[in-house]
2 protein chains.
Amino acid sequence: MAHRETQQRRPSIHDVASRAGVSAATVSKVLAGVTTVKPENAQRVFDAVDLLGYRVDPLASDMRRAKRRIIGAIMPEFESEFFGQMVSELEGLAEQRGFTLVAASSRESEAREKEILARMHDWRVAGIVLAPVRNEHGPAAGFMKANGMTGVLIDRVLADDAFDTVSADSAAASAEVARALVGKGHRHILVVGLGQQAATVRARLEGFRATALQLVPDIRIDVVLAESEVEPLRTLLSDYFSEGASRGERPTAVYSLFLKGTLVALSEFRRRGWHCPDDISLVGFDDAEWMQVTWPAIAAVVQPVREIASNAMDVLFRRIEGEGGPPRARLEPCKVLMRESVGSPGSGPHLGGGSRQ
Amino acid sequence: MAHRETQQRRPSIHDVASRAGVSAATVSKVLAGVTTVKPENAQRVFDAVDLLGYRVDPLASDMRRAKRRIIGAIMPEFESEFFGQMVSELEGLAEQRGFTLVAASSRESEAREKEILARMHDWRVAGIVLAPVRNEHGPAAGFMKANGMTGVLIDRVLADDAFDTVSADSAAASAEVARALVGKGHRHILVVGLGQQAATVRARLEGFRATALQLVPDIRIDVVLAESEVEPLRTLLSDYFSEGASRGERPTAVYSLFLKGTLVALSEFRRRGWHCPDDISLVGFDDAEWMQVTWPAIAAVVQPVREIASNAMDVLFRRIEGEGGPPRARLEPCKVLMRESVGSPGSGPHLGGGSRQ
DNA sequence: GTGAAAGCGCTAACAG
DNA sequence: CTGTTAGCGCTTTCAC
């Protein structure tokens with residue numbers, strides 16, 4: 001047959017072996033690049049491989065070697081730019097080392113997170129990159145610990161006593177945001193966040209608060225935290241502003257500690273007819289492509305996705321290769337993009353709020 | 001030992017077998033739910049499983065059955081909400097049927113798309129959900145055909161003679177957009193798109209054009225298409241508007257056929273100081289969360305991600321289970337969200353363009 | 001240099 | 001009802 005028609009069974013190493021007139025073991029050696037094979041035979045193997053279109057089955061190969069070239073990645077979600085980019089980066093990095101990345105979304109659920117992890121353990125993945133839903137003390141990290149899995153924790157973590165961690169330097173970035181807002185003259189600022197991400201929120205909040213208070217000791221910083229869901233935050237925020245209004249006071253700037261918070265804040269501003277930066281200023285942690293094309297462009301903290309991904313993979317592979325030593329906590333610096341949504345208080349034409357619905 | 005400390009080798013089916021005093025085959029049967037096992041033995045197996053914390057190795061299991069419970073998904077990118085949601089949906093659907101989804105990003109490259117596909121073939125995945133970079137005639141689809149892989153094509157495809165396809169009903173949605181814009185009084189409309197996505201662009205463009213022309217025979221519809229990259233589109237769009245300006249003419253509305261085009265359009269409007277909808281109206285194919293919180297909110301066509309995902313998986317699994325018959329092309333209806341970015345021409349205060357940079 | 005044999009962890013006949 | 005046997009596709013001693 002000239003061209004094998006829609007074949008059902010792919011050629012196995014034995015097919016190659018018999019076509020090349022050698023044993024399967026020899027084929028395996030040739031393909032593994034062992035040089036002690038007679039050149040003539042090696043050539044026959046290569047010819048047979050070409051002829052049959054043979055490719056090794058990586059899973060069967062891994063099976064025998066009892067070491068699977070698979071890296072598992074668990075993200076809280078796939079829908080945001082941040083985690084989308086992260087998965088994309090991790091995929092490329094794994095590939096470069098001959099590994100396949102299997103990504104899964106925990107959908108912001110710790111229960112699901114653990115289930116996925118168990119499934120990845122069943123798959124005998126070589127290592128895990130885990131971006132926990134909550135923080136480093138969740139059940140997933142516990143499971144990894146208990147089962148001796150090798151892994152790295154990223155994003156919503158600061159440090160851990162069992163795993164290496166890599167995340168953005170939230171505190172430094174928040175300090176920079178504080179300097180910028182204070183510099184613009186803001187003296188009453190609202191910070192919004194999600195309480196369940198304890199470590200990160202604390203770092204971001206404290207980094208901000210410490211710096212702001214240091215610059216202006218009597219600055220007023222309000223905090224609105226929802227526990228774990230975004231919807232309640234909407235209500236909390238609305239209540240917060242309504243209450244303030246009844247006392248005739250309101251912050252001149254909002255700093256959101258996470259992307260969805262930025263969206264909720266914008267949405268609330270819309271509802272009240274407030275415009276940035278005239279009526280209120282806004283900075284959000286996490287950048288997104290759209291933030292630079294809207295009017296006004298939204299100021300944001302850009303997380304160093306590539307750096308986080310590449311450091312995470314580096315340390316993960318070092319651990320996979322058996323490197324010992326205590327876990328290390330890495331922080332990668334962020335960039336702060338001060339865009340049009342930030343202005344000086346009291347300088348806008350709309351002070352007091354607009355009336356457009 | 002009370003609790004096995006950080007174990008290196010997971011228990012195998014043989015460990016369970018010997019602990020339970022039965023053979024590995026029996027363990028396998030019990031775990032597969034075969035009912036012809038003596039209850040007493042079954043119980044001993046369950047006990048041993050619990051004691052050892054045993055879980056079957058799905059890859060080893062698949063190996064033996066020569067059928068892998070893995071579905072491959074290939075998306076052009078992971079960074080956008082649309083594909084992020086898509087992967088998330090597909091993951092859940094695969095999981096429901098006891099399969100694992102392995103997702104990969106072709107990064108808008110047909111070459112990479114084919115490489116990934118080959119790798120998935122090496123993995124002997126049971127089926128593929130492919131969202132091609134370009135359209136159904138790319139090298140990836142050819143590879144799948146040539147190798148007798150079973151798969152479904154989604155998103156940037158209309159129909160294929162070898163594979164089932166599922167996509168959004170772009171033409172109908174575009175017709176609806178046309179009706180809306182014409183109804184608002186627009187008589188000069190610009191459509192922007194990406195040429196390489198031939199099938200989809202044609203459907204969206206023609207669906208729009210045909211309806212608009214039918215309603216207003218002498219309506220003017222300009223088209224700006226970049227071949228495959230987004231950056232050139234920026235230049236093309238800028239040139240288009242500059243040229244029009246030199247002749248004192250300009251469309252009153254823009255319909256972008258894809259998400260990045262909407263961003264490019266917004267960015268260009270910013271550059272020129274044009275505001276929506278006063279200076280120009282905008283509708284984009286593909287919705288995003290931010291579009292409803294910006295000022296103005298951006299009108300968009302919402303693709304039925306869940307429906308596409310679930311239909312794709314349905315038909316894919318039917319094919320995996322051996323269902324025959326000719327390939328079917330499915331179109332799922334979209335929703336059109338007419339938001340504030342669309343107004344009537346000539347009614348805005350800024351006509352002629354603003355001056356804010 | 002090379003191939004036979006063993007076996008990764010599992011399941012599907014097929015006897016008993 | 002249960003265990004033995006025979007692999008899935010591959011790699012790795014280890015004799016020859």
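So you know, we letter chains A, B, ... as the sequences are listed, proteins then strands, and number each from 1.
Inspection of the B/S23 and B/T26 side chains reveals an N or O donor paired with an N or O acceptor under 3.5 Å. Neither side chain, B/R55 nor A/H121, offers a donor N or O lying under 3.5 Å from an acceptor on the other. Of the N and O atoms on the side chains of A/T100 and A/R68, not one donor lies less than 3.5 Å from an acceptor on the other residue. Donor-acceptor pairing under 3.5 Å is lacking for the side chains of B/R156 and B/N135.
Between A/D161 and A/K145 there is a salt bridge, since a side-chain N of the basic residue sits under 4.0 Å from a carboxylate O of the acidic one.
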Extract all donor-acceptor atom pairs below 3.5 Å that involve side chains of residues 30-44 of chain B and protein atoms in other chains or at least two apart in sequence.
{"unit_1": "B/Q43", "atom_1": "NE2", "unit_2": "B/D47", "atom_2": "OD1", "d": "3.1"}
{"unit_1": "B/R44", "atom_1": "NE", "unit_2": "B/A20", "atom_2": "O", "d": "2.9"}
{"unit_1": "B/R44", "atom_1": "NH2", "unit_2": "B/A20", "atom_2": "O", "d": "3.2"}

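Residue pairs meeting the salt bridge (charged side-chain N to carboxylate O under 4.0 Å, His left out) criterion with at least one partner in residues 123-143 of chain A, sequence neighbours excluded, are A/R124-B/D57, A/R134-A/E227.
Protein chain B touches strand DNA chain D; the 5'-most and 3'-most nucleotides with an atom under 4.0 angstrom of its non-hydrogen atoms are D/dC1 to D/dG9. With a cutoff of under 4.0 Å to any heavy atom of chain A, the contacted region of DNA chain C is bounded 5' to 3' by C/dG1 to C/dG9.
Proximity of the aromatic rings of A/F83 and B/F78 is defined here by a centroid distance below 6.0 angstrom, and this criterion is not met.
Contacts of B/Y54 classified as ring pair (Phe, Tyr, Trp, His ring centres under 6.0 Å), with partners at least two apart in sequence or in another chain: none.
Side chain of B/E113 to backbone of B/V133: a donor-acceptor contact under 3.5 angstrom is found.
Mapping B/R124 and B/A42 onto DNA chain D by nearest heavy atom places B/A42 at the nucleotide closer to the 5' end.
Interface residues of residues 60-72 of chain A facing DNA chain D, ordered by number: A/A60, A/S61, A/M63, A/R64, A/R65; criterion, heavy-atom separation under 4.0 Å.
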